[in-house]
Amino acid sequence: MSKIAPQNSTPGISVIQSQAHASGLQQVPQLVPAGPGGGGKAVPPSKQSKKSSPMDRNSDEYRQRRERNNMAVKKSRLKSKQKAQDTLQRVNQLKEENERLEAKIKLLTKELSVLKDLFLEHAHNLADNVQPTSTENTTATSDNAGQ
């Protein structure tokens with residue numbers, strides 16, 4: 001197997017090497033890292049252009065970019081502040097509603113307890129008022145019905 005020397009010696013960039021098989025009929029290209037670290041991250045084009053050509057701080061373009069950026073930051077902070085205020089308002093509404101519901105639960109629990117006591121008292125009174133019928137009366141009536 002023979003290898004062709006790397007064609008690009010830039011660090012961090014992969015190069016293509018060709019391998020020849022023993023038969024010599026077919027070549028298979030392979031990607032091989034150029035550096036010992038196995039390559040690196042690619043730098044986005046936006047970052048490359050900013051670093052390669054520094055902006056003149058006195059230029060109109062620079063001032064416009066800074067102004068737009070400052071306005072965007074202000075807008076973002078206002079939006080964040082508004083969202084926090086809305087959340088706080090919603091939390092307070094939910095707390096008030098929760099307090100009202102808890103008070104209603106207490107009232108309904110008391111009402112249920114009173115009604116339960118009344119029901120049990122009424123059921124007890126009914127049980128006391130009912131006289132058990134004697135077995136003699138029931139047998140006598142059934143005997144009379146047969147005649």
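Keep in mind that the numbers below use all heavy atoms, side chains included, and drop hydrogens, waters and symmetry copies. This one's a predicted model, so the numbers in the text were calculated from it and none came from an experiment.
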- Any chance you could measure Gln89, atom CD, to Leu94, atom CG, to the nearest 0.5 Å? 10.5 Å
- Query: Is any NZ, NE, NH1 or NH2 atom of the basic residue among Glu99 and Lys95 found under 4.0 Å from an Asp or Glu carboxylate oxygen of the other?
  - Reply: no
- Query: Heavy atoms, side chains only, cut-off 4.5 Å: are Leu107 and Lys110 in contact?
  - Reply: no
- Query: Can you find a pair of side-chain heavy atoms, one from Lys74 and one from Met71, that are under 4.5 Å apart?
  - Reply: no
- Query: Just by modelled atom types, is the Asn58 backbone N or O under 3.5 Å from a matching donor or acceptor in the Arg63 side chain?
  - Reply: yes
- Would you sort out whether Glu102 and Lys106 count as a salt bridge (Lys or Arg N to Asp or Glu O under 4.0 Å), showing the intermediate values? CA-CA 6 Å; Glu102 285 179 355; Lys106 285 181 183 179; over 6 Å; no
- Task: With the side chain counted from C-beta on, respond yes when Lys79 and Lys83 share a heavy-atom pair under 4.5 Å apart, and no when they do not.
- Result: no
- Query: Taking atom CG of Leu120 and atom CG of Leu115, what is their separation to the nearest 0.5 Å?
  - Reply: 11.0 Å
- Item | Straight-line distance of Lys104 NZ to Leu108 CG, nearest 0.5 Å | 6.5 Å
- Kindly compute the distance separating CZ (Arg65) from OG (Ser59), expressed to the nearest 0.5 Å. 8.5 Å
- What distance separates Leu112 CG from Lys116 NZ, expressed to the nearest 0.5 Å? 7.0 Å
- Heavy-atom count around Gln85 CD within 6.0 Å, excluding the residue itself: above 12? yes
- Query: Is Gln93 atom CD crowded by more than 12 heavy atoms from other residues, nucleotides or ligands, each under 6.0 Å away?
  - Reply: yes
- Message: Taking the side chain as everything from C-beta on, heavy atoms only, tell me whether Leu118 gets closer than 4.5 Å to His122.
- Response: no
- Look only at the side chain of Ser113 and the backbone of Thr109, and say whether a donor-acceptor pair between them is shorter than 3.5 Å. no
- Message: Looking only at the side chains, is there a donor atom on one of Gln64 and Asp60 sitting less than 3.5 Å from an acceptor on the other?
- Response: no
- Separation between CG (Asn129) and NE2 (His124), nearest 0.5 Å, reads 10.0 Å
